[in-house]
Amino acid sequence: MKNWLTIGQFAKASGLSPRALRIYEDMNLLVPPHRGDNGYRYYQESQLSEAARLKEFKDLGFLLEEVKALLRADRDLDKSSLVNSLSRRLDLVREQSDQLQDQRRQIEQLLSSLKNNKKPIAADERRAIMSYQGNPAIVVTGIQGLQKTAEYIQKHLQDRNIPLLFWSEELELPESYILVLPEDNLGDKGVENLAPNVIVLNSVSGSDDAIQEKYLRLYNFVGSHVTTVIHAEDQALLDIVSNERIRDTYYQYYSKNRALEKQIKKIGGLVCSGSEISLYGYNLQKETVFLKLESRLGFTDELALLSSITAVMKLGLPTESLCLK
């Protein structure tokens with residue numbers, strides 16, 4: 001077929017991977033106009049310009065749903081939509097540039113302080129250091145309240161512009177993300193290659209060997225720096241995390257049972273009684289941090305909120321950025 005390209009040829013010519021092209025097809029971003037009898041995808045050479053445009057928008061930092069709208073506006077010659085979208089992006093880039101300048105100055109001050117001062121690091125300096133250790137890659141897994149937990153985490157981290165994603169085997173993960181990964185998908189191809197630095201275990205269907213082995217796949221490429229978030233009153237969860245491959249990770253517990261407060265205070269995490277929340281080890285502080293829920297929540301939503309706060313306890317966030325309703 002003249003001027004037709006297979007997915008491999010199109011990938012090479014466009015600089016996009018075949019895996020990315022399949023995702024873009026599923027999202028109706030870049031669709032091959034022809035399928036052969038053998039099921040192969042065939043693209044037209046004329047689509048290379050659209051692929052270049054897509055790549056350009058993606059490299060500018062737009063999310064795929066935003067890219068979809070931009071490509072539509074581009075095809076429809078909707079200049080005003082393109083101008084508005086690009087202007088908003090420029091404002092965000094300028095804001096991030098200012099933040100990076102502030103961070104650069106703060107890092108320079110911290111380095112100077114660390115090199116020239118033998119006194120213990122102050123609490124605010126400790127939090128700043130943690131926030132520069134890289135953006136979080138968070139997996140929320142289990143059988144209940146996953147999306148709600150992930151949405152709360154995204155609200156806590158709203159200033160960092162971290163995407164909330166839903167698992168699929170074709171998913172291309174950015175450096176930083178919040179990923180909803182249901183227990184039913186833990187056996188999928190690719191799960192064993194994930195390398196999150198926070199794993200939130202919301203609830204599990206049981207703790208027999210088969211279920212435990214599925215959860216252990218998340219710990220293939222993690223080390224002791226990883227935070228595992230656990231509901232302290234869920235015995236099935238406690239059975240799973242007792243495995244030696246998980247025991248080496250850093251635990252953060254959350255509970256609504258004040259009887260567990262002494263243990264959690266020693267290990268790290270939070271305890272909630274009524275609307276009162278006590279945080280132990282928030283940003284590695286020795287002092288207890290006290291918060292208050294701003295509205296009454298149903299049991300499942302409240303657990304989702306508590307697990308989400310526990311998930312971000314080591315990320316250097318000021319308490320003012322936490323969503324409490």
Side-chain angles (χ1 to χ4, degrees), residues 17 19-20 23-24 27 55 57-67 88-89 91-104 106-107 126-142 146-182 185 190-202 217-229 249-250 252 282-284 304 307-318 320-323:
S17 70
R19 184 181 179 187
I23 293 172
Y24 299 154
M27 294 186 65
K55 192 171 184 294
F57 286 137
K58 193 168 181 292
D59 290 345
L60 286 172
F62 288 101
L63 301 177
L64 288 179
E65 283 300 329
E66 295 174 312
V67 171
R88 286 196 301 271
R89 189 67 195 173
D91 289 341
L92 179 61
V93 169
R94 284 173 174 159
E95 182 182 335
Q96 291 173 339
S97 177
D98 291 340
Q99 290 173 352
L100 287 172
Q101 289 293 330
D102 290 340
Q103 287 182 8
R104 180 182 64 81
Q106 191 173 15
I107 290 172
R126 236 179 11 248
R127 288 193 296 274
I129 290 170
M130 284 190 297
S131 70
Y132 302 136
Q133 289 181 338
N135 288 322
I138 302 173
V139 169
V140 182
T141 187
L146 308 186
Q147 181 171 343
K148 194 67 176 179
T149 299
E151 288 171 350
Y152 277 129
I153 292 172
Q154 189 177 47
K155 288 178 181 178
H156 303 320
L157 298 170
Q158 58 184 334
D159 292 339
R160 301 197 186 185
N161 196 32
I162 297 176
L164 193 167
L165 306 170
F166 296 86
W167 170 258
S168 74
E169 290 186 347
E170 295 78 25
L171 183 64
E172 284 191 281
L173 289 172
E175 180 181 353
S176 187
Y177 56 82
I178 304 160
L179 176 64
V180 174
L181 175 58
N185 295 105
V191 168
E192 73 279 5
N193 295 321
L194 295 174
N197 46 40
V198 178
I199 298 174
V200 183
L201 302 177
N202 255 24
R217 299 183 79 222
L218 278 173
Y219 290 83
N220 265 12
F221 291 107
V222 303
S224 58
H225 68 286
V226 170
T227 296
T228 300
V229 175
T249 68
Y250 184 93
Q252 291 279 116
Y282 189 80
N283 289 335
L284 305 185
S307 66
S308 72
I309 295 172
T310 312
V312 301
M313 281 185 62
K314 290 174 58 184
L315 300 182
L317 298 177
E320 296 78 22
S321 71
L322 298 176
C323 171

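Every heavy atom of this structure was used, including side-chain atoms; hydrogens, water molecules and symmetry mates were not. If you're wondering where the values come from, they're calculated on a predicted model, not measured in any experiment.
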Asks: Check whether Asn283 reaches the backbone of Leu317 with its side chain - one donor and one acceptor, N or O, closer than 3.5 Å.
Replies: yes
Asks: Could you check if a side-chain atom of Val312 sits within less than 4.5 angstrom of a side-chain atom of Leu322, using non-hydrogen atoms only?
Replies: yes
Asks: Report yes if some heavy atom in the side chain of Ser308 is under 4.5 Å from a heavy atom in the side chain of Lys155; otherwise report no.
Replies: no
Asks: Please list, chain by chain and in numerical order, all residues satisfying salt bridge (Lys or Arg N to Asp or Glu O under 4.0 Å) with Lys55, sequence neighbours excluded.
Replies: Asp59
Asks: Under 3.5 Å, side chain of Thr141 to main-chain N/O of Leu181, donor-acceptor pair present?
Replies: yes
Asks: Testing the basics here: between Pro163 and Ser176, what is the closest heavy-atom pair and its distance to 0.1 Å?
Replies: CD-O, 3.7 Å
Asks: Please find the pair of heavy atoms, one from Ala137 and one from Ala195, that lie closest to each other, and give the distance.
Replies: CB-O, 4.5 Å
Asks: Please find the pair of heavy atoms, one from Ala311 and one from Val198, that lie closest to each other, and give the distance.
Replies: O-CG1, 3.8 Å
Asks: Can you check whether Pro182 reaches Phe166 side chain to side chain, under 4.5 Å on heavy atoms?
Replies: no
Asks: Could you check whether any side-chain heavy atom of Ile23 comes within less than 4.5 Å of a side-chain heavy atom of Leu171, counting everything from C-beta outward?
Replies: no
Asks: Evaluate the side-chain contact (heavy atoms from CB on, under 4.5 Å) criterion for residues Val191 and Asn185: first the C-alpha distance (whole Å), next the side-chain angles of each, then the deciding distance (0.1 Å), finally the verdict.
Replies: CA-CA 8 Å; Val191 168; Asn185 295 105; 5.7 Å; no
Asks: When you measure from the side chain of Glu170 to the backbone of Arg19, do you find a donor-acceptor pair of N or O atoms at a distance under 3.5 Å?
Replies: no
Asks: CG/Asn197 to CG/Leu315 distance, rounded to the nearest 0.5 angstrom?
Replies: 7.5 Å
Asks: Closest approach of Ser307 and Val229, non-hydrogen atoms and distance?
Replies: O-CG1, 3.8 Å
Asks: Within the distance-only criterion (no hydrogens, no angle test), does the side chain of Glu192 pair as donor or acceptor with the backbone N or O of Gly190 below 3.5 angstrom?
Replies: yes
Asks: Using the test side chain to side chain donor-acceptor pair (under 3.5 Å), find all partners of Glu151 that sit at least two apart in sequence or belong to another chain.
Replies: Gln147
Asks: From Ile138 CD1 over to Leu164 CG, what is the distance, rounded to the nearest 0.5 angstrom?
Replies: 10.0 Å
Asks: Just wondering, do Trp167 and Leu146 contact through their side chains at under 4.5 Å, heavy atoms?
Replies: no
Asks: Using 0.5 Å steps for rounding, measure from the CD atom of Glu172 to the OH atom of Tyr177.
Replies: 13.5 Å
Asks: Can you tell if the side chain of Leu165 reaches within under 4.5 Å of the side chain of Leu173, non-hydrogen atoms only?
Replies: yes
Asks: Nearest heavy-atom pair of Ala304 and Tyr152: which atoms, and what distance?
Replies: C-CD1, 3.9 Å
Asks: Enter the distance from Ile153:CD1 to Gln158:CD here, rounded to the nearest 0.5 Å.
Replies: 14.0 Å
Asks: Please name all residues satisfying side chain to side chain donor-acceptor pair (under 3.5 Å) with Thr228, sequence neighbours left out, ordered by chain then number.
Replies: Tyr219, Thr249
Asks: Are any non-hydrogen side-chain atoms of Ile162 and Pro136 less than 4.5 angstrom apart?
Replies: yes
